Amino acid sequence: MKKSRKSRLLPDDYVRGILNGDHIILSRAITLIESSLSSDRAIAEKIIEKILPETGKSIRIGVTGVPGVGKSTFIEAFGKHITAQKKKLAILAIDPSSQKTKGSILGDKTRMEQLSVDPLAFIRPTATSLALGGVASKTQETILLCEAAGFEIIIVETVGVGQSEVAVRNMVDFFLLLMLAGAGDELQGIKKGIMEMADGIVITKADGDNIKRAKQAQADFQHALHLFPSSESGWSPKVLTASSPNKTGIREVEEMISSFQKLTVQHGFFEEQRKQQKLEWFNAEISSLLQRKFLESAKAKKLIEQFKNNVISEDTFPTKAARQLLIKLNTK
């Protein structure tokens, strides 16, 4: 008689393990959340319902930056600074998936060698798959599980490309943008939209011969931020410099985030932003479920293939074909 690879736990077993801070049980619960199997999703929803009262007590930080800016190195230095204070830190590293193979690199855990063996840290690399904007579709639920497990600080690292920044901005409290100095015209090389979303900017690799360039970039970015409209939070974004290998500037980044939290909690913005994020999540889930239900319809599948051929043969253009498809689906 064959033994199952891994015994199935009951929802209460998962809840108990999560609330006790068991990293293995937490990882298994996240796997359930990421599963596309309806049976796994049913269990995941029961788990989330039970742990919901224990959520919401962390500070959620989004970290983004172009490839090569040193996100993993910075997060490890920042993370070790946090765990040295006996605080628990969870890192959700969003990893880019191949659109051809659907595979992913999942290399952040190996790059953060010190944090990966730190008992106060939890690193979860997650493939983006086909989630909108390059962000894993279940990251919000994973955040809730990590909060219930007692993690006080949660970092969501984006892939740093496309629309992933927008999606992460809608699930975190503080959005941190990492930038490089001395890599050309910095102000021309960054999208205005991303800078407007940032609550703070850190110029990385501010060491050695690069210190002078980092200080100049800091002044340039701070000036640019003053040209943007005032934030609803009442917070004025700051620009700092840091060197991850030298551990300089890391404490100042933590102090900046703490100041932001204190100010926005006092003004009521902190809680209001979270309420708005829940509504954004709700609306996104509705769109996702409706799309899935639509595409799984036998009638829709047949009509889609028909209209695909019309588009390819140039009998009609995509916009019109999509509209005609919806009209036919609504025709009884």
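When reading the values below, keep in mind they use all heavy atoms of this one structure, side chains included, and skip hydrogens, waters and symmetry mates. These numbers come from a predicted model, not from an experiment.
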Under the salt bridge (charged side-chain N to carboxylate O under 4.0 Å, His left out) test, residues paired with [X] that sit two or more places apart:
X: K308; answer: E305
X: D22; answer: none
X: K301; answer: none
X: E152; answer: none

Quiz prompt | D209 atom CG, over 12 foreign heavy atoms within 6.0 Å | solution =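 For D209, atom CG is not crowded (no more than 12 foreign heavy atoms under 6.0 Å).
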
Quiz prompt | Gap separating the CD atom of E296 from the CD atom of Q291, nearest 0.5 angstrom | solution =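 E296 atom CD to Q291 atom CD measures 10.5 Å (nearest 0.5 Å).
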
Side chain to side chain contact (heavy atoms under 4.5 Å, CB included) partners of [X], counting only residues at least two apart:
X: F317; value: T319, K320
X: S244; value: T73, F74, A77
X: S231; value: S233

Could you check whether any side-chain heavy atom of [X] comes within less than 4.5 Å of a side-chain heavy atom of [Y], counting everything from C-beta outward?
X: V202; Y: L176; value: yes
X: E254; Y: Q85; value: yes
X: Q261; Y: F174; value: no
X: E34; Y: R124; value: yes
X: T204; Y: L180; value: yes
X: I91; Y: F78; value: no
X: I257; Y: I153; value: no

Quiz prompt | Those residues that, when tested against T83, pass side-chain hydrogen bond (donor to acceptor under 3.5 Å, both in side chains) (two or more places apart) | solution =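 Once residues adjacent in sequence are excluded, the partners of T83 under the side-chain hydrogen bond (donor to acceptor under 3.5 Å, both in side chains) criterion are D118.
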
Quiz item: Quick one: hydrophobic cluster around L290, which other residues, with the 4.5 Å side-chain cut-off, linked directly or via members?
Solution: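 Its cluster partners, ordered by chain and number, are F282, I286.
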
Practice problem: Please collect all ring-ring contact (aromatic ring centres under 6.0 Å, His included) contacts where either partner lies in residues 230-252, sequence neighbours excluded, each pair once. | Solution: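 Listed by first then second residue: W235-F260.
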
Quiz item: Is a side-chain donor or acceptor of N170 paired with a backbone partner of Q277 at a separation under 3.5 angstrom?
Solution: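 Between the backbone of Q277 and the side chain of N170 there is no qualifying donor-acceptor contact (under 3.5 Å).
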
Quiz item: Ignoring hydrogens and geometry, is there a side-chain-to-backbone donor-acceptor pair from Q222 to P237 under 3.5 Å?
Solution: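 Looks like yes, one N/O pair under 3.5 Å.
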
Quiz item: Passes side-chain contact (heavy atoms from CB on, under 4.5 Å), L115 versus K80? Steps please.
Solution: CA-CA 7 Å; L115 273 182; K80 290 302 293 181; 3.8 Å; yes

Practice problem: Could you go through the side-chain contact (heavy atoms from CB on, under 4.5 Å) check for S72 and E157 one step at a time? | Solution: CA-CA 9 Å; S72 295; E157 177 193 356; 3.9 Å; yes

Self-check item: Contact list for residues 265-274, test side-chain hydrogen bond (donor to acceptor under 3.5 Å, both in side chains), sequence neighbours left out
Solution: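 Qualifying pairs: R169-Q273, D173-R274, E272-Q276.
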
Quiz item: According to the side-chain hydrogen bond (donor to acceptor under 3.5 Å, both in side chains) rule, which pairs have a member within residues 40-49, sequence neighbours left out?
Solution: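 The answer is R8-D40, S35-D40, R41-E141.
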
Quiz item: Are V15 and I47 close enough, and set up right, to give a side-chain contact (heavy atoms from CB on, under 4.5 Å), and what steps lead you there?
Solution: CA-CA 6 Å; V15 172; I47 294 169; 4.2 Å; yes

